[in-house]
A.B. asks: 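Structure provided below as structure tokens; questions to follow.
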Number of protein chains: 2
Amino acid sequence: MQLAEAKAKFIADWGRFGTNWGINRTMAQIHALLLISPDPLSADEVMEELSISRGNVNMNVRELIDWGLVQKVIVPGERKEFFTAEKDIWKVARQIVKERKKRELDLMIPVLKELSDVEGDKRDKAVKTFTDTINNIRKFSDQADRTLDTMIRADEHWFLGSLMKLFGGKRD
Amino acid sequence: MQLAEAKAKFIADWGRFGTNWGINRTMAQIHALLLISPDPLSADEVMEELSISRGNVNMNVRELIDWGLVQKVIVPGERKEFFTAEKDIWKVARQIVKERKKRELDLMIPVLKELSDVEGDKRDKAVKTFTDTINNIRKFSDQADRTLDTMIRADEHWFLGSLMKLFGGKRD
DNA sequence: ATAAACTTTCAATAACTTTTGAAAGTTCAG
DNA sequence: CTGAACTTTCAAAAGTTATTGAAAGTTTAT
């Protein structure tokens with residue numbers, strides 16, 4: 001395959017997969033474009049390459065920066081802002097896990113705590129099933145919370161390296 | 001909090017969180033309702049409890065069954081079908097991981113393979129950055145693939161049990 | 001074979017999300 | 001200060017996804 005074709009395909013595919021991960025299609029496409037660009041790109045270049053509007057580029061780049069996946073780069077002597085993506089995919093994965101934990105698990109835990117003390121007779125089947133279910137979800141979430149914190153804190157190589165050893169995967 | 005209030009809140013919250021996980025709101029709400037119901041419910045009961053249409057219940061229950069999170073239950077002497085959800089939250093998590101792997105990672109891996117051999121001079125910076133990026137994503141995906149397979153195959157207790165020990169989490 | 005009890009489908013429509021582009025805002029060199 | 005170069009905002013339009021409900025289909029009891 002030629003580079004231009006492969007590039008277009010990668011951008012389209014990454015965009016498609018992104019939608020499964022709570023990242024909108026355009027945001028994922030911009031991310032893909034920046035991932036495979038050797039040098040930082042300006043908003044105009046992104047507009048041009050993906051045929052999307054200025055407002056759309058601005059909005060989605062801002063969100064990628066929020067997610068910690070893209071950085072602004074100041075090029076000396078240039079007035080424009082340029083953007084570049086973290087190329088190390090392990091760091092990208094770690095960053096995504098970190099953000100999703102923050103946006104999902106950290107919000108869920110207090111909600112579950114609140115739900116865990118319903119008034120009522122424990123011998124009532126409906127009450128018992130409810131509290132048991134909530135408590136199981138709580139235990140699970142607390143565990144996941146601690147595990148993810150450890151993973152996020154851990155050094156990149158250690159992080160999945162140890163995990164792989166444990167599960168019998170082979171490091172290259 | 002009273003049971004009825006807690007129930008309503010749990011259903012609303014689970015629905016909200018579900019949307020972050022590729023599960024639509026109604027589907028997650030039905031799942032929540034079945035999780036906290038001591039006995040299997042009929043389509044009519046789900047319609048009634050959640051104030052949604054028959055078609056909507058049917059569609060989403062079917063999808064929950066596809067995901068392996070809900071089962072049909074035949075109650076002897078009853079014409080209707082009843083539905084019940086897996087209550088063990090570790091099994092639920094395992095099932096979700098399994099399905100998402102099937103729907104996402106398994107589709108991604110062949111796409112990456114195809115993209116990994118672009119023609120062109122490796123000394124060309126654009127070609128080099130592209131192939132390096134794709135190859136890094138491939139290594140990562142292959143590793144994730146093997147790890148998830150191992151986790152899915154593993155026995156429930158072992159699965160996160162060992163993981164927790166490794167990462168210093170505390171089992172209850 | 002019939003009809004009642006139930007389940008499934010699907011086209012219309014409602015709800016939600018994304019995109020655009022023009023206007024407003026900001027920054028900076030001269 | 002001024003105006004050119006750039007970035008950001010936001011309301012309207014387009015696009016996407018979910019929901020309804022009535023019609024079609026299926027199963028079961030008699």
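Proteins get letters first, then strands, A, B, ... in listed order; numbering begins at 1 in each. Just so it is clear, the model here is predicted, and its values are computed rather than measured.
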A.B. asks: Atom CG of L50(A) to atom P of dT18(C): distance rounded to whole Å?
C.D. replies: 17 Å
A.B. asks: dT19(D) phosphate, OP1 or OP2: any side-chain N/O from T26(B) under 4.0 angstrom?
C.D. replies: yes
A.B. asks: Using modelled atom types only, decide if a donor and an acceptor are shared between the side chain of Q95(B) and the backbone of L69(B) within a distance under 3.5 Å.
C.D. replies: no
A.B. asks: Given dT8(C), dT19(C), dT20(D), identify the nucleotide with an atom nearest to the side chain of E81(B).
C.D. replies: dT8(C)
A.B. asks: So, K128(B) and D121(B), do they make that salt bridge, N to O below 4.0 Å?
C.D. replies: no
A.B. asks: If you check every side-chain atom of I52(A), which of dC6(D), dT20(C), dT8(C) has the closest atom?
C.D. replies: dT20(C)
A.B. asks: Quick one: CD1 on I137(A) to CZ on F17(B), what's the gap to the nearest 0.5 Å?
C.D. replies: 11.0 Å
A.B. asks: Which is more 5' along DNA chain D, the nucleotide nearest N24(B) or the one nearest K72(A)? Just name the residue.
C.D. replies: K72(A)
A.B. asks: Starting at atom CG of N20(B), determine the distance to atom P of dT17(C), rounded to an integer number of angstrom.
C.D. replies: 12 Å
A.B. asks: Nearest whole Å is fine: how far is dT19(C) P from M59(A) CE?
C.D. replies: 7 Å
A.B. asks: For dT9(D), does either OP1 or OP2 sit under 4.0 Å from a side-chain N or O belonging to R62(A)?
C.D. replies: yes
A.B. asks: If you pin R25(A) and F82(A) to their nearest nucleotides in DNA chain D, which one's is more 5'?
C.D. replies: F82(A)
A.B. asks: Can you find a heavy atom in the side chain of M151(A) that is under 4.5 Å from one in the side chain of V97(A)?
C.D. replies: no
A.B. asks: Rounded off to whole Å, could you give me the CD-to-C1' distance for the E63(B) and dT9(C) pair?
C.D. replies: 16 Å
A.B. asks: Taking 4.0 angstrom as the limit, do D149(B) and R153(B) come out as a salt bridge?
C.D. replies: no
A.B. asks: Can you check the E78(B) CD to dT27(D) P distance for me, whole Å?
C.D. replies: 19 Å
A.B. asks: Could you state the CG-P distance from N56(B) to dA22(D), rounded to the nearest angstrom?
C.D. replies: 15 Å
A.B. asks: So, is N58(B) near the phosphate of dT8(C), with a side-chain N or O under 4.0 Å from OP1 or OP2?
C.D. replies: yes
A.B. asks: Starting at atom CD1 of I74(B), determine the distance to atom P of dC6(C), rounded to an integer number of angstrom.
C.D. replies: 13 Å
A.B. asks: Looking at R79(B) and dT27(D), is any side-chain donor or acceptor paired with a base atom of the opposite kind under 3.5 Å?
C.D. replies: yes
A.B. asks: The side chain of R54(A) is closest to which nucleotide in this list: dT8(C), dT7(D), dT19(D)?
C.D. replies: dT7(D)
A.B. asks: Starting from C1' on dT27(D), measure out to NZ on K80(B) and report it in whole angstrom.
C.D. replies: 16 Å
